Structures are given as C-alpha cells and as structure tokens.
Amino acid sequence: LKETISDITYRSVSYVYCLKIPATSYKEFVKTNHLFKKIEVLRANQAFLNQHILFKDSISAAVSNRISTHMQLKHYHNNELLEESDKQKLYILKSGSIEISGESTVVKTLQEGDFFYYESLINEQQDSISVRVIKRASVYEIDHFILKEIPIILWKLMEVYNKQKL
C-alpha cells in the first residue's frame, strides 16, 4: 500500500496454499472498500503491542492481530477524570501523564508505557482508585474479555500485581 518492501519474513510450519494477487488489484480492493484507514490503525496498534513489555516476544501474530482489532486509542485532556465504570478494560498509556489516587492520596504517577485497571483480570476485587489526567494523554483501551484468553498476558499481569503488593 505504501510502495515499501516488507521487513518481515513469515515461515509456514505446514503445507499452505497461497494466492498471488497483483499489487494493483489489492490496492484497488482496499480503495474500493475504504479499508486503508482501518489497515493503518491495525498496523499502528500492532506496532505498539510489539514494543510494549506485556506483549512483545510473547504473543503470536494471530493473537496480536486479534488484540489490535479490538483495542482503541482514546485521547484525554488535562485534569479529565476517567470513568470508574470502565474498569473492565486494560489501559495502556501511549503518551502523556496520569495520576492514580487512593482515598485522597496520590498513589503513583504513570508515564508512557505504564498501565492500569488490570487488577480485575487477575483478582475479583478491584481497589478503589481514581484516575486523573495530568498532562494530555493518549491511552490504548483493551477489553478484558480479549486478554482473559491469553495465559502469558495473565501471567505477566500477575507478576506485576504481586510485585506491587510487596
């Protein structure tokens, strides 16, 4: 789509059938079906996942694609409070700064790459916290139902949870 050569090589673990499609036909299909924007978002989401500590080197391309399809990038303004009702999502800070507070006390300040609201994925109880944007933030949201199916992600989140509780 962008006239560049792929820097990724895929190998098959079994026999596969391939369909060779001319680039012009593929581009026309993408253009006709208005898919370019969707493909660009999917690629950006996958690139983010491939760099993040929770996902890089631990999930397959198929799993990465499934997560990327369901994640959303949201933008928040300074001093905006995030809804407490959205605790059924994992939030990963792409940019900006967010403050996590307990009962009138700032617990921690999150920076790029940090994540929150993951506790209910691994623990029935969710601590009562409030989340406020300090510096305009872009945050990826991933529904818990997607992540519950991925044991390695749950394992990594459990490790983070146990370290924070010490």
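Since the model is a prediction, treat every value here as computed from it, not as a measurement.
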Peer 1: Give the minimum heavy-atom separation between Lys94 and Glu112, together with the two atoms involved.
Peer 2: O-CG, 3.0 Å

Peer 1: Please tell me if the side chains of Leu81 and Tyr76 come closer than 4.5 Å, counting only heavy atoms from C-beta onward.
Peer 2: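 In short, these two side chains do not touch, never coming nearer than 4.5 Å.
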
Peer 1: Does any non-hydrogen side-chain atom of Leu19 lie less than 4.5 Å from one of Ile21?
Peer 2: yes

Peer 1: If I take atom CD from residue Glu40 and atom CG from residue Leu35, how far apart are they, to the nearest 0.5 angstrom?
Peer 2: 12.0 Å

Peer 1: So, taking the atom named NZ in Lys89 and the one named CD in Glu141, what distance separates them when rounded to the nearest 0.5 Å?
Peer 2: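 These two atoms lie 4.5 Å from each other.
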
Peer 1: Is there side-chain contact between Ile92 and His52, with at least one heavy-atom pair below 4.5 Å?
Peer 2: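 A side-chain contact exists here, since the closest heavy-atom pair is under 4.5 Å.
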
Peer 1: Using the rule that two of Ile, Leu, Val, Met, Phe, Trp, Tyr join whenever any of their side-chain heavy atoms come within less than 4.5 Å, decide whether Val106 and Ile100 are in one cluster.
Peer 2: no

Peer 1: Is Ile150 reachable from Met158 through a run of I, L, V, M, F, W or Y residues, each pair having side-chain heavy atoms under 4.5 Å apart?
Peer 2: yes

Peer 1: Does either side chain, that of Gln46 or that of Asn65, offer a donor lying less than 3.5 Å from an acceptor on the other one?
Peer 2: yes

Peer 1: Answer yes or no: does atom CZ of Phe145 have more than 12 heavy-atom neighbours from other residues, nucleotides or ligands under 6.0 Å?
Peer 2: yes

Peer 1: List the steps, then state whether side-chain contact (heavy atoms from CB on, under 4.5 Å) holds for Met71 with Leu49.
Peer 2: CA-CA 10 Å; Met71 62 193 283; Leu49 290 177; 4.0 Å; yes

Peer 1: Taking everything shown except Arg136 itself, do over 12 heavy atoms lie less than 6.0 Å from its CZ?
Peer 2: yes

Peer 1: Using every non-hydrogen atom in the two residues, find where Ser58 and Ile153 come nearest and quote the distance to one decimal.
Peer 2: OG-CD1, 4.3 Å

Peer 1: Of all the heavy-atom pairs spanning Thr109 and Ser97, show the shortest one and how long it is.
Peer 2: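 Between these two residues, the closest heavy atoms are CG2-OG, 3.4 Å.
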
Peer 1: Would you compute the distance between atom CD of Glu119 and atom OH of Tyr161 and round it to the nearest 0.5 angstrom?
Peer 2: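 One finds 7.0 Å between CD of Glu119 and OH of Tyr161.
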
Peer 1: Side chains of Val131 and Tyr117: does their closest heavy-atom pair fall under 4.5 Å?
Peer 2: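 Result yes, sub-4.5 Å side-chain heavy-atom pair found.
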
Peer 1: One pair to check against side-chain contact (heavy atoms from CB on, under 4.5 Å): Ile152 and Ile59. What are the steps and the verdict?
Peer 2: CA-CA 8 Å; Ile152 188 67; Ile59 58 174; 4.2 Å; yes

Peer 1: Does Glu149 pair with Arg66 as a salt bridge, N-O distance under 4.0 Å?
Peer 2: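 Yes, Glu149 and Arg66 are salt-bridged.
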
Peer 1: By side-chain hydrogen bond (donor to acceptor under 3.5 Å, both in side chains), which residues pair with Asn50, not counting sequence neighbours?
Peer 2: none

Peer 1: For the CZ atom of Arg43 and the OG atom of Ser68, what is their distance to the nearest 0.5 Å?
Peer 2: 11.5 Å

Peer 1: Out of curiosity, Tyr17 OH to Ser12 OG, how far, rounded to the nearest 0.5 Å?
Peer 2: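 The OH atom of Tyr17 sits 12.0 Å away from the OG atom of Ser12.
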
Peer 1: Report yes if some heavy atom in the side chain of Val160 is under 4.5 Å from a heavy atom in the side chain of Lys163; otherwise report no.
Peer 2: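 Val160 vs Lys163: side chains apart.
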
Peer 1: With the side chain counted from C-beta on, respond yes when Leu73 and Ser138 share a heavy-atom pair under 4.5 Å apart, and no when they do not.
Peer 2: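 Sidechains of Ser138 and Leu73: in contact.
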
Peer 1: Please name the pair of heavy atoms, one in Gln111 and one in Asp114, separated by the smallest distance, quoted to 0.1 Å.
Peer 2: N-OD2, 2.8 Å

Peer 1: Is it the case that one hydrophobic cluster holds both Phe48 and Val63, taking links as side-chain heavy atoms less than 4.5 Å apart, direct or via other members?
Peer 2: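 The answer is yes; both residues are in one hydrophobic cluster.
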
Peer 1: Should Val41 and Val30 be counted in the same cluster of Ile, Leu, Val, Met, Phe, Trp and Tyr side chains packed under 4.5 Å apart?
Peer 2: no

Peer 1: Apply side-chain contact (heavy atoms from CB on, under 4.5 Å) to Ser101 and Ile129, showing your working.
Peer 2: CA-CA 5 Å; Ser101 300; Ile129 60 171; over 6 Å; no

Peer 1: Verify the neighbour count for atom CD1 of Ile53: are there more than 12 heavy atoms of other residues, nucleotides or ligands below 6.0 Å?
Peer 2: no

Peer 1: Ile67 and side-chain contact (heavy atoms from CB on, under 4.5 Å): which partner among Ile146, Asp143, Asn45?
Peer 2: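 The side-chain contact (heavy atoms from CB on, under 4.5 Å) with Ile67 is passed solely by Ile146 among Ile146, Asp143, Asn45.
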
Peer 1: With a 4.5 Å cut-off on side-chain heavy atoms, are Phe115 and Tyr91 touching?
Peer 2: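 Heavy-atom side-chain distance check fails, nothing below 4.5 Å.
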
Peer 1: Would you name the heavy atoms of Ile122 and Leu157 that are closest together and state the gap between them?
Peer 2: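 Shortest heavy-atom separation between Ile122 and Leu157 comes out as CD1-O, 3.6 Å.
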
Peer 1: Do Leu90 and Leu54 come close enough that some side-chain heavy atom pair is under 4.5 Å?
Peer 2: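 Contact flag for Leu90/Leu54 side chains = yes.
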
Peer 1: Are there more than 12 heavy atoms of other residues, nucleotides or ligands under 6.0 Å from atom NZ of Lys156?
Peer 2: yes

Peer 1: Kindly work out whether a path of hydrophobic side-chain contacts (I/L/V/M/F/W/Y, heavy atoms less than 4.5 Å apart) joins Leu42 to Phe55.
Peer 2: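 In one cluster: no.
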
Peer 1: Please name the pair of heavy atoms, one in His77 and one in Glu80, separated by the smallest distance, quoted to 0.1 Å.
Peer 2: N-OE1, 2.9 Å

